[in-house]
Amino acid sequence: MKAYDAVIGLEVHAQLLTSTKIFCGCSTKAGLPPNTSTCPVCTGMPGVLPVLNRKVVDFGIMLGLATGSRIAPRCIFARKNYFYPDLPKGYQITQYEHPLCEGGSILIETAQGVKRIGITRIHMEEDAGKTIHDEKAPLSYVDYNRSGVPLLEIVSEPDITSTDEAVAYLRELRQILMYLGICDGNMEEGSFRCDANVSVKPAGSARYGTRTELKNMNSFRNVQRALQYEIERHIEIIESGGEVVQETLLWDPSRGVTVSMRSKEESHDYRYFPEPDLVPVEIDSAWIDSVRSALPELPFARRERFIGQYGLPAYDAGVLTQTKAVADYYEECVRLLDRPKEISNWIMTEVMRALNEQGIPITELIVSPEMLTGLIALIDKGSISGSMAKEVFAEMVDTGESAGGIIEKKGIGQINDEEELRSLAREIIDAHPDEAHKYRSGKTGLLGFFVGMLMKATRGEANPKLASRIMKELLEE
Amino acid sequence: MKITDDEVLHVAALARIRLDDDEILSLRNDLDKILGYMDILSSVDTTGVNPTHHPLPLVNAMRDDREQGCQELADVLRNAPQHDNGYIVVPKVIG
């Protein structure tokens, strides 16, 4: 078989975290009873006029700046005409010519190093309603609560050449959206949706093959599986002398195949034209500057800074910056206690485990940065051992009590009382006169034996360093 | 005529409209006239004139992101020929 190159372009729809819809004042809250968050505008009643939500433009500019895109000084909306019951007006208000942003890019990490994936455009549009199909009757049920919820559509250049790169791009883009606080990034619930254009061509060829469009991939895993399946399907068709048909396909995750979605006569004919109900949006440099000044540090930059500033390995920096909340938690801990690597270890293991077990974000963890660093400080001081600290941490997660409180209450904690250890050590030496004699005649290797006895006598709670020092002192008296 | 029957039928299909032969002819005539008007517009020399996307000289008509209240469910459903538990019921569509 010849070698082939895959060419992948991705289209992401990100639902924006505004309070209200893009063109009316209805709430965007999810999970409301059907059709209770609707009004004449978002149900497409005749004679109504849409009015643009300023925050949608703000969010679009934020993403544009975060991806190094050009922000259009003037952009317009367009009507995309098609018939479907979830689209009450018979057209979707979107942007076609003159979108909000063009010409950006995102950096991703690949096995070959950092790669730049171009972003063709970012535009604003309204979401459609939701349709549920009846299993038995020839009926569909329509809920317009989602109709008019603002979306940003982010279109990549066909710069992506493998399924791994596709997933890396999506992860990075999702992370940026979440860092900016403009999208919750939930793929299963559809607030971060991905379509893909796929084609293959003989390795090194400049000519693109015929592409197909893939929909319905609602997890990173499904994106990977669907793209892999589709690339292999294209190669098989070409190898057997056939031709790939340009069409839209749905990924069927249960069967692991792609299925043709639209028949040919319904091929895209959207008859776009400028939306007469909305006036153009003009964005001056003052508007852009005010958005820019509120931009948070972005994931890629933060990762690099964590490596440089805290001396963390790249792996740690990657894990800690996966979400803004975890990165913020980490930095708050480091501010309180200058032990960057220890804190990183604790967050990556014990803290992450607790979050997974409870299924909560770090913002809801009962153990605050103050409490975690309090615990780590106790280990540093030698008050408790590392393994005891893990038990204490588990208790902190359950009860919300401070490390100090738990140690005191349970009577655990290392014995640091010199007098107590000294008297126990004396008893042990007195009980083992032969060994003590041997030690004193030069067999100093027996120190381990005596320290072991002392640890045993304290059920392992003696501070090992202190135990060893005291034993040595007494034996050498 | 500039417009063919097939084009009329294509546009009708996109709009989910069924047409009989008389209607096809009459719409063909109407669409033809409309395209004729467009030809007149197209004949104007617009060299150096920026495209007009909107007839009004307004820009940036926007609102703040504040909830303004919705419609009563009963009113939302009033225009729906069929509804069930708050959902609007339509003939089954898949695709």
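Naming: A, B, ... by sequence-line order, numbering from 1 per chain.
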Which bit of [X] comes within less than 4.5 Å of chain B, counting heavy atoms only: side chain, backbone, both or neither?
X	value
A:Val57	side chain
A:Ile76	side chain
A:Pro40	both
A:Cys24	backbone

Looking at [X] and [Y], what are the two nearest heavy atoms and their distance?
X	Y	result
A:Pro276	B:His54	O-NE2, 2.7 Å
A:Ser140	B:Lys92	OG-CA, 3.2 Å
A:Cys26	B:Cys70	SG-SG, 3.1 Å
B:Leu73	A:Pro34	CD1-O, 3.6 Å
B:Arg63	A:Phe23	NH1-C, 3.7 Å
B:Leu58	A:Val279	O-CB, 3.4 Å

Straight-line distance of [X] [atom1] to [Y] [atom2], nearest 0.5 Å:
X	Y	atom1	atom2	value
A:Glu97	B:His53	CD	NE2	5.0 Å
A:Thr28	B:Glu67	OG1	CD	7.5 Å
B:Gln71	A:Thr36	CD	OG1	12.0 Å
B:Gln82	A:Tyr141	CD	OH	7.5 Å

Near A:Lys80 NZ, under 6.0 Å, is it more than 12 heavy atoms from other residues, nucleotides or ligands? yes
Determine whether more than 12 heavy atoms belonging to other residues, nucleotides or ligands lie under 6.0 Å from atom CG of B:Asp21. no
Which one wins on heavy-atom pair count under 4.5 Å against chain A: B:Asn85, B:Val89, B:Leu56?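 Top count of heavy-atom pairs under 4.5 Å with chain A: B:Val89.
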Ranked by heavy-atom pairs below 4.5 Å to chain A, first place among B:Met62, B:Gln68, B:His83 goes to B:Met62
Between B:Asn60 and A:Trp287, does a side-chain contact (heavy atoms from CB on, under 4.5 Å) hold up when you go through it step by step? CA-CA 12 Å; B:Asn60 295 5; A:Trp287 191 353; 4.1 Å; yes
Between chain B and each of [options], count heavy-atom pairs under 4.5 Å; write down the option with the most.
options	result
A:Val51, A:Val281, A:Ile22	A:Val51
A:Thr38, A:Thr43, A:Asp143	A:Thr38
A:Pro33, A:Gly129, A:Ala137, A:Pro138	A:Pro138

Regarding B:His10 and A:Asp269, is there a side-chain donor-to-acceptor distance under 3.5 Å anywhere? yes
Does a side-chain heavy-atom distance below 4.5 Å link B:Ile88 with A:Asn35? yes
Hey, is B:Asp65 close enough to A:Arg54 for a salt bridge, meaning N to O under 4.0 Å?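 No, no charged N to carboxylate O under 4.0 Å.
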